[in-house]
Amino acid sequence: MRIEAFLDEAAAQAIREVHGVDQPALLRPTQDPKLGDYQINAAMPLSKALSRPPRELAAPIAERMRAHPAVAEAEVAGPGFVNLRLDDGWLGRELDRQLADRERDGVPAVEAPKKTVVDFSSPNIAKQMHVGHLRSTIIGDAIVRILRFVGHDVIGDNHLGDWGTQFGLLIVGMREWGSDEALGESPIVELERVYKLASERAKDDEAFAERARAELAKLQAGDPENTALWQRFVAATRVALDEVYARLGVTFDEWLGESAYHDMLPGVVERLLAEGIAREDQGAICVFFNEWDDAPADLKKQKEPFIVRKKDGAFLYSTTDVATVLYREERFGTEKSIYVVDMRQSLHFKQLFVVVRRLGVDMELEHVGFGTVLGPDNKPLRTRDASGNVITLASLLDEAEQRAQARMLEEGVDLPADQIPEVARVVGIGAVKYADLRQNRTSDYQFDWDKMVSFKGNAGPYMQYAYARIQSIFRKGEVDPGSVGGPIRLEAPAEAALARQLVRFGEQVHQAAESSLPHLVTDHLYGLARAYSAFYESCPVLRSEGAVRDSRLALAALTGRQLRRGLGLLGIGVVDRM
Ligand code: ARG
């Protein structure tokens, strides 16, 4: 169930009954658990609407809520809040239901599933997949998993940057400086090396730049030799990318790169012209938002137009993105498109969304932006080491696994030696993902190896360790965690506190899905792991007896399942021992 939605509805019902008006209950978790579990904030706005003092309006709401089976206490506080405390008997029964729901762990499915495309990862060929693309990959994958779990029909699409100006430079550059062998061995490194040389040369060698443009035009016109070269670049990059995605456990339903839309581009520009959305300016075709009466204010101020065709006839990133929206609508019947892309592209997406609206597209469009990963110096993390070599993503993952293993050995492992590398792999990759996902995606964050592989605090290894410790209880007690059935009875304060975390799972997952904020899931899991550890310290499980033991085993099993499920929604694995 969604606990907040459920109580909010009950409170709105109470308001209707006692005051005869439809007014949102504005239910929130209380800041201070001493005051209660949830509070209703409706009395203040109600007081304006009904011209009566808020406390006077709050009193009958509290009285009505006291009669609700989920509520043990309801008190008016302060200027007119109604503080609610959950009923422990009700809570125990709710958790019994969650325990019995092996399929969904008590998380309801949405009533109206949406056909949703999540556009994520989307690195550019010939350029290192940098930390920004790693963020997009990790966050995008978590969003796909969360949306799918709550019942949406999701297509994950890797909108590969596999078309565009870099290929002219690459083609001439490869002919000039490229090594076939290096291209086979580490294609991304080789392509990036050649690309750098070529783009530097193009800066002060106009003839070279002209050759590159000519090769690009040939490629775009279907020249067989250039097409073959391009295919090699793409294929080689795919191999390297596939390796990284396999290590991360990330998959896509579609790989519709920019090149997939090439044939649509002339038509897109014609339509924009015909519908008066774009116009010619010095040979280029552009959308000028400052010329629109009804453009959103921030776009109206922008002098920079949205260019869809350059004066040399070349199409751009923007043109492709317009085509992509049209394609997604037509081909998949997409109702919602989510773009998991660096926040620095927010102007592009704002412009794009306004343009396609004009074209009559009515799908929901959302730019799920994220901040920058910073290095120890608080500047954007450098993807080169001190001697200027690129730090590949693969080497970053290697280091994460090594560091995870070192930390595990320091902590003392509970594992046969031959299992250590595999567990270190799960822990290392999980640590990288968790460190990213636990941040509110809109903020920048500092990359910090030590925090990342920590067994304490809000970090991946800590969460996995909490899970493994729960499994060890079942091993020690020779109990199958799948067979425990409660009933859950909440007597000790630590049991009641743990239960209050457990019951929030569905709410948190749904809020994360609605807001595309995976850190709501990590926050929940962290709170859960802490509540569990307080419970474990004060409430013996295996050494207790009878009904108390059954209940505590059920709380432990439920916690383990929620940790596993929640981490799974983030693309993070668990291990039974570590
Ligand atoms: N390839 C782009 C980049 O690296 C990201 C593409 C995002 N998706 C999109 N439909 N624009 O910046």
Side-chain angles (χ1 to χ4, degrees), residues 128-139 141-142 244 247-249 370-387 389-415 419-469 518-519 521-530 532-534 563 566-567 570-575 577-578:
Q128 263 312 309
M129 178 156 158
H130 55 71
V131 216
H133 293 120
L134 181 62
R135 279 209 93 176
S136 173
T137 308
I138 291 172
I139 297 170
D141 179 55
V244 171
R247 285 182 75 175
L248 291 171
F370 50 80
T372 307
V373 185
L374 305 172
D377 54 358
N378 257 324
K379 298 212 180 90
L381 185 70
R382 297 194 320 164
T383 42
R384 285 167 194 285
D385 62 18
S387 40
N389 300 316
V390 267
I391 303 168
T392 62
L393 218 49
S395 67
L396 186 123
L397 299 180
D398 289 343
E399 182 160 355
E401 291 174 12
Q402 282 152 16
R403 284 179 185 261
Q405 177 152 340
R407 280 297 292 135
M408 280 165 54
L409 295 174
E410 275 166 40
E411 288 290 325
V413 287
D414 160 36
L415 282 173
Q419 286 178 24
I420 293 176
E422 172 55 18
V423 171
R425 194 190 66 73
V426 178
V427 176
I429 301 288
V432 171
K433 290 188 178 185
Y434 194 95
D436 201 311
L437 293 168
R438 62 163 280 216
Q439 309 292 335
N440 184 326
R441 62 176 162 75
T442 57
S443 36
D444 298 345
Y445 79 94
Q446 209 177 41
F447 194 87
D448 180 336
W449 281 117
D450 291 329
K451 270 195 208 146
M452 195 181 291
V453 295
S454 172
F455 276 63
K456 294 183 192 77
N458 195 2
Y462 172 76
M463 307 304 302
Q464 288 165 322
Y465 187 56
Y467 176 81
R469 274 198 348 200
H519 80 279
V521 176
T522 63
D523 280 356
H524 172 74
L525 296 179
Y526 183 51
L528 177 66
R530 288 179 29 150
Y532 178 80
S533 115
L563 287 172
L567 290 171
L570 304 171
I572 297 173
V574 291
V575 289
R577 326 162 74 109
M578 64 187 268

Considering non-hydrogen atoms only, spot the tightest contact between [X] and [Y] and give its length.
X      : Y      : answer
His519 : Arg438 : CB-O, 3.5 Å
Ile139 : Leu437 : CA-CD2, 3.9 Å
Ser443 : Arg135 : O-NH1, 3.5 Å
Glu401 : Ile429 : OE2-CD1, 3.5 Å
Asp141 : Gly571 : OD2-CA, 4.1 Å
Ala431 : Val453 : CB-CG1, 4.2 Å

Less than 4.5 Å apart, side chain to side chain, heavy atoms only: is that true for [X] and [Y]?
X      : Y      : answer
Asn440 : Tyr445 : no
Arg530 : Tyr462 : yes
Ile420 : Leu409 : yes
Gln405 : Gln402 : no
Thr137 : Leu248 : yes
Leu134 : Leu393 : yes

Under 3.5 Å: donor-acceptor pair, side chain of [X], backbone of [Y]:
X      : Y      : result
Arg247 : Ala394 : yes
Arg407 : Asp450 : no
Gln464 : Val575 : no
Ser454 : Lys451 : no

In Å, rounded to the nearest 0.5 Å, how long is the span from [atom1] of [X] to [atom2] of [Y]?
X      : Y      : atom1 : atom2 : value
Ile138 : Phe370 : CD1   : CZ    : 10.0 Å
Met578 : Glu422 : CE    : CD    : 13.0 Å
Phe447 : Thr372 : CZ    : OG1   : 14.5 Å
Leu525 : Tyr434 : CG    : OH    : 6.0 Å
Leu528 : Met463 : CG    : CE    : 7.0 Å
Arg403 : Met452 : CZ    : CE    : 9.0 Å

Crowding at OH, Tyr465 (>12 non-hydrogen neighbours, <6.0 Å):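 Incorrect, the count does not exceed 12.
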
Residues Arg469 and Asp414 bridged, charged N to O under 4.0 Å: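 Salt bridge: no.
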
Trace of the side chain to side chain contact (heavy atoms under 4.5 Å, CB included) decision for Val574 with Leu563: CA-CA 9 Å; Val574 291; Leu563 287 172; 5.8 Å; no

